[in-house]
Asks: 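A single structure is presented below for examination.
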Amino acid sequence: MADKIDVTLPENLAHQCVKCSACRSVCPTYSVVKQERSSPRGRLALAEAVVDGFLPLDEEIARQWNECAMCRRCEWICPNEVEYKEIMFRARHLAKEEKKSGFDPVKTAVYQGLAMTGNFITKTAMKFAPSLMDMYGKLFKKEVPEYNAVFLNTGIPKYTKLLPKPTAKPFGLRGKRVKPEKSKGKLLFFTGCMIDAFYGKTGESVMKLMEKAGYEVIVPENIRCCGAPQLYGGEVELFEKLQKHNKQEIDRYDFDYIVVACPTCGGALEEEYGYPVKDFAEILKEEGYLIFKGSGEKVTFHFPCHSYTAMSTDPDVYRTLLKGVVNAEYVEGEDAMMCCGFAGYFSVSNYDVATQIQKRKVKDIESTQAQYVLSDCPGCVFNIADGMYKHGDYKNIKVVHLADYLAERLTDEKVNKKEEKEDEGQSIGSVY
């Protein structure tokens with residue numbers, strides 16, 4: 001059973017920051033706003049002042065805490081290893097409890113809606129979503145076939161988005177299992193909300209790749225949202241309910257690792273749940289014998305923030321995979337590791353800042369002259385596609401999840417690793 005989270009913001013946490021300002025060089029919000037309050041150091045200083053009683057917690061402080069994208073790039077670069085996430089979700093929870101955050105009904109609906117993902121109501125509702133989206137796209141001429149999406153124009157900029165069409169069979173992967181003739185291990189695939197609802201093909205691609213890599217893959221039947229958006233937003237009690245439900249479901253299965261294609265989910269499952277987790281790309285890189293063949297295209301990659309922060313996945317995992325694709329050229333943008341501006345509800349609640357970050361990402365992608373921009377996060381794929389449609393050359397640049405790109409280029413050929421394995425005296429890439 002999951003332990004209850006201590007939501008107290010203790011002095012030892014609040015005093016971790018030594019104010020060196022290294023975090024400002026990598027913070028996406030500070031790069032736009034250019035004010036101390038919008039830097040990790042500034043937000044932590046406010047938390048310290050509140051804890052020490054030097055400042056009363058008010059609406060302005062809560063607003064400044066909520067301007068953070070929670071990308072955690074500050075943790076990634078911090079020389080003092082400040083636990084920024086641990087401080088910030090507690091600070092946000094404190095602001096919520098003291099009713100200083102204000103009431104945002106849309107945000108509440110989003111968090112509650114995500115928490116319900118996978119139950120009877122959402123499964124039933126999602127059955128009608130594909131046909132309704134098709135009807136909307138055709139009726140109002142808002143279809144965007146290049147991205148298999150529709151442009152939802154609400155008349156309110158922050159709620160106007162390019163939306164991927166729901167997968168033909170929402171939650172259709174639940175309970176599925178694949179098993180090669182000779183299995184190296186057993187993986188439990190935590191699909192995540194966006195794959196379940198919108199990117200079912202991506203989930204199929206992950207299962208195909210893992211099976212070809214030699215692993216049995218099982219998709220649990222009754223998982224819900226991992227709870228990371230709620231936790232990061234300070235909705236600790238809602239996270240705890242999701243964690244309890246998911247742990248009960250996950251613990252029904254026997255597995256060696258949980259495999260993910262969403263680093264935000266992976267980070268939560270590893271850090272908060274305590275499970276052994278691997279990104280699908282990490283497993284492919286470890287195995288190293290599958291061959292992928294392109295058709296002369298140039299590709300670039302957007303590194304999801306939580307892949308190298310929350311999950312601590314080495315960015316070279318992705319570089320190695322893409323540089324190894326036969327007959328394809330990998331080129332990396334200068335801002336390839338900078339946040340894309342999505343960060344869940346952040347792109348709505350901090351629309352102006354998020355849009356500037358999104359525009360910068362689009363410009364960086366276009367500077368590479370790539371035909372494909374890939375990422376390992378469904379949320380990033382969603383947001384970059386939205387950005388390319390609004391601000392970029394969406395007709396000539398495809399936004400694709402890394403799993404889909406690799407699955408479509410997978411060949412039956414394999415690199416001969418026999419001699420290498422004999423030299424090393426061990427199985428390559430085993431999950432054991």
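Just so you know, these numbers use all the heavy atoms, side chains as well, and skip hydrogens, waters and symmetry mates.
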Asks: Side chains of S349 and K107, heavy atoms from C-beta outward: is any pair under 4.5 Å?
Replies: no
Asks: Apply salt bridge (charged side-chain N to carboxylate O under 4.0 Å, His left out) to E216 and R177, showing your working.
Replies: CA-CA 7 Å; E216 179 180 358; R177 180 190 299 249; 2.8 Å; yes
Asks: Does atom CD1 of I121 have more than 12 heavy-atom neighbours from other groups under 6.0 Å away?
Replies: no
Asks: Check S39 against Y30 and note the closest heavy-atom contact, atom names and distance.
Replies: CB-CD1, 3.8 Å
Asks: May I have the step-by-step check of ring-ring contact (aromatic ring centres under 6.0 Å, His included) for F303 and Y308, ending in yes or no?
Replies: CA-CA 8 Å; F303 296 84; Y308 56 89; 7.2 Å; no
Asks: Taking NZ in K169 as the centre, count heavy atoms belonging to other residues, nucleotides or ligands within less than 6.0 Å. Is the count above 12?
Replies: no
Asks: Please check if atom NZ in K398 has more than 12 non-hydrogen atoms from other residues, nucleotides or ligands closer than 6.0 Å.
Replies: no
Asks: Is a side-chain N or O of S205 found less than 3.5 angstrom from the main chain of A407, in a donor-acceptor match?
Replies: no
Asks: Run the salt-bridge test on D335 and K363 with the 4.0 Å N-O cut-off and return the result as yes or no.
Replies: no
Asks: Counting only heavy atoms from other residues, nucleotides and ligands, does the tally under 6.0 Å from NZ of K85 exceed 12?
Replies: yes
Asks: Could you tell me which residues satisfy salt bridge (charged side-chain N to carboxylate O under 4.0 Å, His left out) with K34, sequence neighbours excluded, listed by chain and number?
Replies: none
Asks: Between N383 and Q358, is any side-chain donor less than 3.5 angstrom from a side-chain acceptor?
Replies: yes
Asks: Are a donor atom and an acceptor atom from the side chains of Q356 and Y351 found within less than 3.5 Å of each other?
Replies: no
Asks: Is E221 reaching over with its side chain to a backbone N or O of G175, donor-acceptor style, under 3.5 angstrom?
Replies: no
Asks: Under 3.5 Å, is there a donor on one side chain and an acceptor on the other for D404 and T202?
Replies: yes
Asks: Side chains of T264 and H306: do they bring a donor and an acceptor to under 3.5 Å?
Replies: yes
Asks: Ion pair present between E235 and R92, side-chain N to carboxylate O less than 4.0 angstrom?
Replies: no
Asks: In plain terms, say whether E48 and K19 are close enough for a salt bridge, that is, a side-chain N and a carboxylate O under 4.0 Å apart.
Replies: yes
Asks: Are the side chains of V217 and E211 in touch, meaning some heavy atoms are under 4.5 Å apart?
Replies: no
Asks: Enumerate the residue pairs fulfilling salt bridge (Lys or Arg N to Asp or Glu O under 4.0 Å) with a member in residues 108-122, sequence neighbours excluded, ordered by first and then second residue.
Replies: none
Asks: Please report whether the ring centroid of F342 lies less than 6.0 Å from that of F346.
Replies: no
Asks: Show the numbers, then the answer: is there a salt bridge (charged side-chain N to carboxylate O under 4.0 Å, His left out) between E143 and K138?
Replies: CA-CA 7 Å; E143 289 189 313; K138 292 174 182 177; 5.2 Å; no
Asks: With a cut-off of under 6.0 Å to the ring centre and 45° to the axis, is K285 in cation-pi contact with F280?
Replies: no
Asks: Report yes or no: do D104 and Y345 form a side-chain donor-acceptor pair below 3.5 Å?
Replies: yes
Asks: So does R24 get a backbone contact from the side chain of S21, meaning a donor-acceptor N/O pair under 3.5 Å?
Replies: no
Asks: How far apart are the closest heavy atoms of A261 and F189, and which atoms are they?
Replies: N-CE1, 4.3 Å
Asks: Do T191 and I223 come within less than 4.5 Å of each other through their side chains, counting heavy atoms only?
Replies: yes
Asks: Step by step, would you call E271 with R72 a salt bridge (charged side-chain N to carboxylate O under 4.0 Å, His left out)?
Replies: CA-CA 13 Å; E271 294 179 326; R72 299 173 60 182; 2.8 Å; yes
Asks: In this structure, are over 12 heavy atoms from other groups packed under 6.0 Å from Y159 atom OH?
Replies: yes
Asks: Could you tell me whether the side chain of R43 and the main chain of S38 form a donor-acceptor pair under 3.5 Å?
Replies: yes
Asks: Flag the pair F301 / Y330 as yes when their ring centroid distance falls below 6.0 Å, and as no otherwise.
Replies: no
Asks: Over all heavy atoms of both residues, which pair between F190 and L269 is shortest? Give the atoms and the distance, please.
Replies: CG-CD1, 3.6 Å
Asks: Other residues, nucleotides and ligands only: do more than 12 of their heavy atoms fall within 6.0 Å of NZ on K298?
Replies: yes
Asks: According to salt bridge (charged side-chain N to carboxylate O under 4.0 Å, His left out), who are the partners of E86, at least two apart in sequence or on a separate chain?
Replies: R90
Asks: Can a salt bridge be assigned to the pair K201 and E408 using a cut-off of 4.0 Å between side-chain N and carboxylate O?
Replies: yes
Asks: Kindly give the heavy-atom pair with the smallest separation between P164 and Y199, and that separation in Å.
Replies: CG-OH, 3.5 Å
Asks: Is the shortest distance from a Lys or Arg side-chain nitrogen in E60 or R63 to a carboxylate oxygen in the other one below 4.0 Å?
Replies: yes
Asks: Evaluate R319 against E332 for salt bridge (charged side-chain N to carboxylate O under 4.0 Å, His left out), listing each step before the verdict.
Replies: CA-CA 9 Å; R319 295 185 179 109; E332 191 166 303; 2.8 Å; yes
Asks: Flag this pair as yes if the NZ/CZ of K278 is under 6.0 angstrom from the six-membered ring centre of Y257 and inside a 45 degree cone about the axis; otherwise no.
Replies: yes
Asks: So, does S25 use its side chain to make a donor-acceptor pair with the main chain of A22 at under 3.5 Å?
Replies: yes
Asks: Looking at A14 and V51, what are the two nearest heavy atoms and their distance?
Replies: CB-CG2, 4.0 Å
Asks: I'd like to know if the side chain of D364 pairs up with that of H302 as donor and acceptor (distance under 3.5 Å, no hydrogens or angles considered).
Replies: no
Asks: Going through the distances and angles, do E272 and Q243 end up as a side-chain hydrogen bond (donor to acceptor under 3.5 Å, both in side chains)?
Replies: CA-CA 8 Å; E272 315 303 334; Q243 183 189 41; 5.9 Å; no
Asks: Does T122 form a side-chain contact (heavy atoms from CB on, under 4.5 Å) with T124? I'd like the steps, not just the answer.
Replies: CA-CA 5 Å; T122 56; T124 302; over 6 Å; no
Asks: Nearest heavy-atom pair of A328 and Y405: which atoms, and what distance?
Replies: CB-OH, 3.7 Å
Asks: Step through it carefully: locate the ring centre of Y394, locate the ring centre of Y389, and say whether they are under 6.0 Å apart.
Replies: yes
Asks: For the backbone of C225 and the side chain of N246, can you confirm whether one donor and one acceptor N or O come within less than 3.5 Å of each other?
Replies: yes
